[in-house]
Amino acid sequence: MLRYGATVMEIVSSKYGDAAASAVAARVNGEMVDLSHPVDEGASVELVDISSIDGLGVLRHSISHIMAQAVQDIFDGVKVTIGPSIEDGFYYDFEYSGTFTPEDLEKIEKRMREIVSANHPFVRKEMSRQDAVSFFEEKGEPYKVELINDLPEDLTHVSLYSQGGFFDLCRGPHIPATGMVKAFKLLSVAGAYWRGDEKNKMLQRIYGTGFATQEELDEYLRIIEEAKKRDHRKLGKELDLFQMNDEAGPGLIIFHPKGALLRTIIEDWEKKEHLKRGYDIVMGPQILKVDLWKKSGHFDHYRDNMYFTEVDEQMYGIKPMNCLSHMLIYKSKIRSYRDLPLRYFELGTVHRHEKTGVLHGLMRARQFTQDDAHILCTPDQLNSEIRAIADMVDYAMGVFGFSYEVELSTRPESSIGSDADWELATSALKLALEDNSIAYDINEGDGAFYGPKIDFKLKDALGRKWQCATIQCDFTLPERFDLSYIGADGEKHRPVMLHRVILGAIERFMGVLIEHYAGAFPVWLSPVQATILTVTDKHIPYGEEVFRRLLTAGVRCERNFRNEKLGYKIREGQMQKVPYMLVIGDREMESETVSPRQRDGGQNLGSMGVDDFVAVVREKCDIYQ
RNA sequence: GCCGAUGUAGCUCAGUCGGUAGAGCAACUGAUUCGUAAUCAGUAGGUCAGCGGUUCAAAUCCGCUCAUCGGCUCCA
């Protein structure tokens, strides 16, 4: 059936018929190619469907070309650079002397729709490097020329794609023709550095997205809207959890009573869990002499992110990390191999001078508190310690209701330590993951300056990923601080150190929690677990009694005895996302009961005694006991 | 830090051509005493982000600064 020189398209339409209609590309012997690609007899041909992840990538990449064409059609003097597909859509970076406005995006979309209706085929053309360079030089596209010149030397030919008279340097593959685009939207304009380097020229990036169907696009846009509603900065204000204040300074968070209570609940849980797992709670000072930061390497590698202060003609560094005092605790005694592992845990508040442009509510602040620990152990113990931490992360994520993904980050460009130590540390992390049967991706060059790390990225209710837990393996600090333990052989040995956080930064974790639960926290985390609502003023004395009893029993509750109708107070409770609203009227007063109404609109629990309600709340707080 | 946008009452937002500030909700006071998502009436609330300039006159035009938002770079 297959003939030599046939194209993928011909093959698939003869073989699959209509099933080929939703294919955007194909995999021939594993390599993604256009449907117009010629194939040899006997090659393995697999369709890439528009709704698959790879297919969406092809579709979005093609839409980015269509957008680039539209932009150049409308605006003079626009130079094209690159336009890839990304996780949720695509972008294209342009050099343009003006600025693109939201109105411009509409104009561009309109032109794109015209290009789509014209159903121009995407045509691939191969050219020698030299020809391609002259071609783009002639067109006045210096960025494309630069890209070609930077390609590996052994590459003699490059491919260009064109549609409707627009040419772009591109590896492909692309959809067969522009008419295949059914649903797309341009989303925003932003600045972006050429080749992602802040020393380069700032380009203008237009973001957009595309889907196989309008329904999928609408669903995606709905999720964006939903994310806006859940924004922790908005909910933080509405639920009166915290504030950021211009007068206080950027990146500094002020926790209000309910936010501070939520944080306290999380921190108390952490302390208990760490004690259960053989950690020692320690506390170090906020500032340390600058010489200590020089010794650790932070002064050389992290100075730009640190705050300094001078007292009595002595320079101090305000800690951006918690490791150093833990080093000093270790060094305070001679340690035996029998003492190891030592696990020092600190809810360590750190200050990092983050660039103003990166600050983002609780997610990225200049002062934050890590649930930090440093584990000092023998090389033999490394594996079991890493595995224990991975188990703890898994447990914690379960408790807070998150799933997560794991990445292994390797040596970055700016780093300290020997190649051998990096190799040892990286393989220790790898091995522990494999021993725990944890699937992971490798993130090249993204390690800390002192060691490789395992990153746990938790996924929230909207599928967004957040970096929280990490495990970092460090051979360097023990050496710089000359840490040792006496081994069974009576000789001095160097311990290995693990840096690790479970929730990461408490602030960031709270931000993620707020967005994950849209502010409707599970009962055990809710700062206010119940609000007591009186029907009329005559129920206030009984309401006070219920309040006292609940408070004594450890239920976090509030009174709403205002002179408002019950419906109004219910509404207030709903908007504050309080899990239980206890209605107190004649019936409850007479029978000495409460009638809990549930936040989630589930059935009312009926009337019950105060003690019974306490039991209901306690049962939901098992995690916390 | 860089590109772009924004900043008006506690919150969400109007405010036209430059003529001296407005709504809804919240708050407060009073009436009402009510059974599961908004009772009625009234009162108060503003250095229009800050500083400077143009003008007879600036929330409005211009400049600078600060902060926030969307990205980039960086990161827990």
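Here is how names work: the chains are called A, B, and so on, in the same order as the sequence lines, proteins then strands, and each is numbered from 1. Keep in mind it's a predicted model, so treat the numbers as computed, not measured.
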Donor-acceptor contact below 3.5 Å, side chain Arg364(A) vs main chain His360(A): no
Arg343(A) side-chain N/O to Ile375(A) backbone N/O, donor-acceptor pair under 3.5 Å: no
Polar side-chain contact Gln243(A)-G10(B) base: donor and acceptor under 3.5 Å: no
Under-3.5 Å donor-acceptor pair between Arg508(A) side chain and C75(B) base: yes
Have a look at [X] and say if it touches a base, only the backbone sugar-phosphate, or nothing, with a 4.0 Å heavy-atom cut-off.
X         : answer
Asp537(A) : base
Ala505(A) : base
Tyr193(A) : base
Arg233(A) : sugar-phosphate
Ala469(A) : nothing
Glu564(A) : base
Gly357(A) : base

Short N-O contact, Lys229(A) and Glu226(A), less than 4.0 angstrom: yes
Euclidean distance, atom CE of residue Met575(A) to atom P of C25(B) [Å, nearest integer]: 12 Å
Quick one: is [N] close enough that its OP1 or OP2 comes under 4.0 Å of any side-chain N or O from [X]?
X         : N      : answer
Arg597(A) : A37(B) : yes
Tyr207(A) : C72(B) : yes
Arg364(A) : U68(B) : no
Lys201(A) : C3(B)  : no
Thr356(A) : G1(B)  : yes
His499(A) : A76(B) : no

Close aromatic pair by centroid cut-off 6.0 Å: His256(A) and Phe242(A): no
Side chain of Gln467(A) (C-beta onward), nearest among G70(B), A67(B), A76(B): A76(B)
C1' gap between A9(B) and C25(B), integer Å: 12 Å
C1'-based separation of C34(B) from C66(B) [nearest Å]: 50 Å
Base partner of C25(B), which must satisfy Watson-Crick or wobble distances under 3.5 Å: G10(B)
Paired nucleotide for U16(B) [Watson-Crick or G-U wobble; both distances under 3.5 Å]: none
